[in-house]
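Values below: every heavy atom of this structure, side chains too, minus hydrogens, waters and symmetry copies. Below, read A as the first sequence line, B as the second, and so on, with proteins coming before strands; counting in each chain starts at 1.
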Amino acid sequence: MPLTITHTPVYCLDLDQALAFYTKQLGFEVRQDVPMGPEMRWLTVAAPGSAHELLLAGVDHHIPPVDRAAMRDMVSKGNLAVFLEVDDLDAVFESLRAAGTEVLQEPVDQPYGVRDCGVRDPSGNHLRLSQPLGR
Amino acid sequence: MDCGDLAHLRRARDLLDREYARPLDVPGMARAALMSPSHFARQFRAAFGETPYAYLQSRRLERAMALLRRGDLSVTDVCLAVGFTSLGSFSSTFSRLVGEPPSAYRGRDHASMAPVPACVARTWTRPGWRGPERDETSRIGEAPRPAAALA
């Protein structure tokens, strides 16, 4: 049975900031940006050529009012994470650092076969970037 | 708590996670959060459920566990590498929080951990993550009232 991931939400505090970061800093392209009134915006990005879209989900749009404060806290505290693979980890990392991105961990070779680093997106999500070793 | 304050506290916590091997103190951590030391200590505990010092200690122990699992470093090397200055205090703290002495932990087979990403192992092996007995003062049960002692 074919089984494919199509959308994964990334919860964000400020959608415009998130959009600029994921497109300008990381190279994602916008797939859908649909304003649905003041309370909702359907905004997805994807890596060029990939069918797997990240749903940039504004906490204020996607989370019910009763849980919004709790979700904002979760995001602000840095409890959520996104894992990405890139071709040239060190180049991506240096460009992120040069742009003032918060750094959690410089690139290192890991014993489980990848070189990886950690940064935070503008909302505070832990962004884990990796490159398979030996590439 | 305000999202901006939480972001400042998160940056201070990220600093502890990165710079754990340095002799960090609460005033230094508080500067990273742009707060006064006493306000910072209160707010950190309110946000993350433990004092900054307890968080730092459990980070150091989690790093020590990771280095001991490698098997090629001595207990003394590991003790110094994670920011402890006394082997006695390292061994007793490790034994109390991890449940066995560092030498015994180092000697066990840890092969099953090998495929787990470091950032995940880091969180899951942190003493207290599984929520063991917590007392009124801190989850890692050091001397009474660490916040007051540090203030």
- Message: Just to be sure I understand the criterion: a residue of residues 41-65 of chain A counts if one of its heavy atoms is under 4.5 Å from a heavy atom of chain B. Which ones qualify?
- Response: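 Those residues of residues 41-65 of chain A which would need a heavy atom under 4.5 Å from chain B do not exist here.
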- Query: Considering heavy atoms only, which positions within residues 95-103 of chain A lie below 4.5 Å of chain B?
  - Reply: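 Residues of residues 95-103 of chain A touching chain B at under 4.5 Å: A:Glu102, A:Val103.
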Check: [Y] and [X] side chains under 4.5 Å, non-hydrogen atoms:
X: B:Phe40; Y: B:Pro52; result: yes
X: A:Val30; Y: A:Gln32; result: no
X: B:His110; Y: B:Tyr105; result: yes
X: B:Ser95; Y: B:Pro102; result: yes
X: A:Asp109; Y: A:Leu133; result: yes
X: A:Leu89; Y: A:Cys117; result: yes
X: A:Leu129; Y: A:Val92; result: yes

- Evaluation steps, side-chain hydrogen bond (donor to acceptor under 3.5 Å, both in side chains), between A:Gln105 and A:Asp116: CA-CA 8 Å; A:Gln105 176 215 301; A:Asp116 71 7; 3.1 Å; yes
Say you draw a straight line from [atom1] of [X] to [atom2] of [Y]; how long is it, rounded to the nearest 0.5 Å?
X: B:Met29; Y: B:Tyr53; atom1: CE; atom2: OH; result: 9.0 Å
X: B:Leu34; Y: B:His39; atom1: CG; atom2: NE2; result: 11.0 Å
X: B:Leu61; Y: B:Thr125; atom1: CG; atom2: OG1; result: 10.0 Å
X: A:Asp73; Y: A:Asp67; atom1: CG; atom2: CG; result: 11.5 Å
X: B:Met35; Y: B:Gln43; atom1: CE; atom2: CD; result: 5.5 Å
X: A:Phe28; Y: A:Phe21; atom1: CZ; atom2: CZ; result: 9.5 Å

- Proximity of residues 5-25 of chain B to chain A, residues having a non-hydrogen atom under 4.5 angstrom: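 Listed by number: B:Leu6, B:Ala7, B:Arg10, B:Arg11, B:Arg13, B:Asp14, B:Arg18.
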- Message: Quick check: under 4.5 Å, non-hydrogen atoms only, which of residues 62-85 of chain B neighbour chain A?
- Response: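 Checking residues 62-85 of chain B against chain A gives no residue, so none.
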- Would you check if there is a donor-acceptor pair between the side chains of A:Asn125 and A:Tyr11 at a distance under 3.5 Å?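 No.
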- Message: Is it true that B:Tyr55 and B:Arg126 share a donor-acceptor pair across their side chains at a distance under 3.5 Å?
- Response: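 Result is yes, a qualifying pair exists.
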- Query: By a 4.5 Å heavy-atom criterion (distance strictly below it), what part of A:Ser130 contacts chain B: side chain, backbone, both, or neither?
  - Reply: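 Interface part for A:Ser130: neither.
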- Task: Show your working on side-chain contact (heavy atoms from CB on, under 4.5 Å) between A:Val114 and A:Gln131 and close with a plain yes or no.
- Result: CA-CA 6 Å; A:Val114 302; A:Gln131 173 185 356; over 6 Å; no
